[in-house]
Each structure stands twice: as C-alpha cells, then as structure tokens.
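Hydrogens, waters and symmetry mates are skipped; everything else that's a heavy atom, side chains included, is used. All values reported here derive from a predicted model rather than from experimental measurement.
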Amino acid sequence: MEDTHQQKTEVVLDIPLNSEKLREELSFYNELAAIFKEYDKDTQQLDFIIGQLHSQIEEYDEGLTVLPGKKEIESIIKSHPYFKNPCDYPIRLLTILKYLRRKGVNVNYADIDLYVDAVLSHMDGVKKVGRGLYKAAK
C-alpha cells in the first residue's frame, strides 16, 4: 500500500527590491508570476509584491512624491567636475542623471529627464548642442 500523504515543503527566496528601477522590478515579478501560474504554483506573495510595486509607481506618476527643487538640482549639477572645469566636449544628460543619483537625488520619477533638461536649459552658460548633449561655457 502506497503512502499518499505528501509533506508540504516551502522554499523562501530573498530577492532585494531595487527601488531605483521600479518598472524593471515590476516586469520581473510579472514574468515570475506567469511562470508560477504556468506550473500551478501559489502566486499570493508575488501578487502582493506586484501590488506594492504598482502603488509605488502610481505615486511617482501622479506626482504625489515631491521632486527636488530646481535650485537644489542646479547646485548639485554645478558641483560636477565637468561644470567646474568645462572642456570642448559636451556632457550627456545620462551622465548628469547618474551623477545626481550618486549624490543622493531620487531620479526615479516619470519624465525626470525632461525636468533636468529644463533645469539645464535655464542655467547660465549652459547650451544644448544636441539631443541630450550640453556644453558649458568656459
């Protein structure tokens, strides 16, 4: 006679969330949930994580979080080595966004690139020379 009593075993994964890339995290958990559903696994915990990510993204999209002030961002940008000692080559917007993130500014907002572009275009001595390229006056 076979024993049909099966013991339930759980596996716990520790996957840290990257709060700087919420949309990529959401995509990852959606794909993971689809795989779980394909193999008839419980997705209750994954659904909770997905719901939390959705609510965080909605807060950013609705503007419920406060953007850093233009003066604060401008002062951080001016402290970048390129703006302290400009050269003949332009600096990329992506480089500036990475620098802002390194300096502790939360750049995980919808259209943060447009916001920083507006700040750069109003800075004295900074000229837009191409798509996402800026040149500072010497």
Chemist: Less than 4.5 Å apart, any side-chain heavy atom of Tyr115 and any of Ile73?
Modeler: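 Sidechains of Ile73 and Tyr115: in contact.
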
Chemist: Using every non-hydrogen atom in the two residues, find where Ala137 and Pro86 come nearest and quote the distance to one decimal.
Modeler: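 For Ala137 versus Pro86, the nearest heavy atoms are O-CG, 3.3 Å.
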
Chemist: Please, which pairs that meet side-chain hydrogen bond (donor to acceptor under 3.5 Å, both in side chains) have at least one residue in residues 117-130, sequence neighbours excluded?
Modeler: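 Residue pairs passing side-chain hydrogen bond (donor to acceptor under 3.5 Å, both in side chains), neighbours aside: Asp117-Lys128, Asp117-Tyr134.
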
Chemist: Which residue pairs pass the salt bridge (charged side-chain N to carboxylate O under 4.0 Å, His left out) test when at least one of the two sits in residues 70-90, sequence neighbours left out?
Modeler: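 Checked against salt bridge (charged side-chain N to carboxylate O under 4.0 Å, His left out) - neighbours excluded - the pairs reaching residues 70-90 are Glu74-Lys78, Asp88-Lys138.
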
Chemist: Taking all heavy atoms of Tyr82 and all of Pro90, pick out the closest pair and write down the distance.
Modeler: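 For Tyr82 and Pro90, the tightest heavy-atom pair comes out as OH-CA, 3.7 Å.
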
Chemist: What is the minimum heavy-atom distance between Ile50 and Ala33, and which atoms define it?
Modeler: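 Heavy-atom minimum between the residues: CD1-CB, 4.0 Å.
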
Chemist: I need the His80 NE2 to Thr95 OG1 distance, nearest 0.5 Å.
Modeler: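 Between His80 NE2 and Thr95 OG1, I get 6.5 Å after rounding to 0.5 Å.
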
Chemist: Can you tell if the side chain of Ile49 reaches within under 4.5 Å of the side chain of Phe28, non-hydrogen atoms only?
Modeler: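 Heavy-atom side-chain distance check fails, nothing below 4.5 Å.
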
Chemist: To the nearest 0.5 Å, tell me how far Ile35 CD1 sits from Lys41 NZ.
Modeler: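 That separation rounds to 13.0 Å.
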
Chemist: Within the 4.5 Å heavy-atom criterion, are Leu133 and Arg92 side-chain neighbours or not?
Modeler: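 Result yes, sub-4.5 Å side-chain heavy-atom pair found.
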
Chemist: Which residue pairs pass the salt bridge (charged side-chain N to carboxylate O under 4.0 Å, His left out) test when at least one of the two sits in residues 44-57, sequence neighbours left out?
Modeler: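 As it turns out, there is no salt bridge (charged side-chain N to carboxylate O under 4.0 Å, His left out) pair with a partner in residues 44-57 once direct neighbours are skipped.
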
Chemist: Is it the case that more than 12 heavy atoms not belonging to Glu38 sit under 6.0 Å from its CD atom?
Modeler: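 Yes, the 6.0 Å shell around CD holds more than 12 heavy atoms from other groups.
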
Chemist: Atom CG of Asp113 and atom CD1 of Ile96: how far apart are they, to the nearest 0.5 Å?
Modeler: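 Here the rounded value is 11.5 Å.
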
Chemist: Distance check, rounded to the nearest 0.5 Å: Leu97 atom CG versus Ile77 atom CD1?
Modeler: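 The CD1 atom of Ile77 is 8.0 Å from CG of Leu97, to the nearest 0.5 Å.
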
Chemist: Got Leu94 and Lys98 here, is their nearest side-chain heavy-atom distance under 4.5 Å?
Modeler: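 Sidechains of Lys98 and Leu94: in contact.
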
Chemist: Which distance, rounded to the nearest 0.5 Å, do you find between the CZ of Phe36 and the CG of Leu32?
Modeler: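 With rounding to 0.5 Å, CZ (Phe36) is 4.5 Å from CG (Leu32).
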
Chemist: Write down the atom of Pro81, the atom of Tyr99, and the distance for their closest heavy-atom approach.
Modeler: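 Smallest interatomic distance, heavy atoms only, reads CD-CE1, 4.3 Å.
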
Chemist: Shortest non-hydrogen contact from Val107 to Ile112?
Modeler: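 Val107 and Ile112 have their closest heavy atoms at O-CG2, 3.3 Å.
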
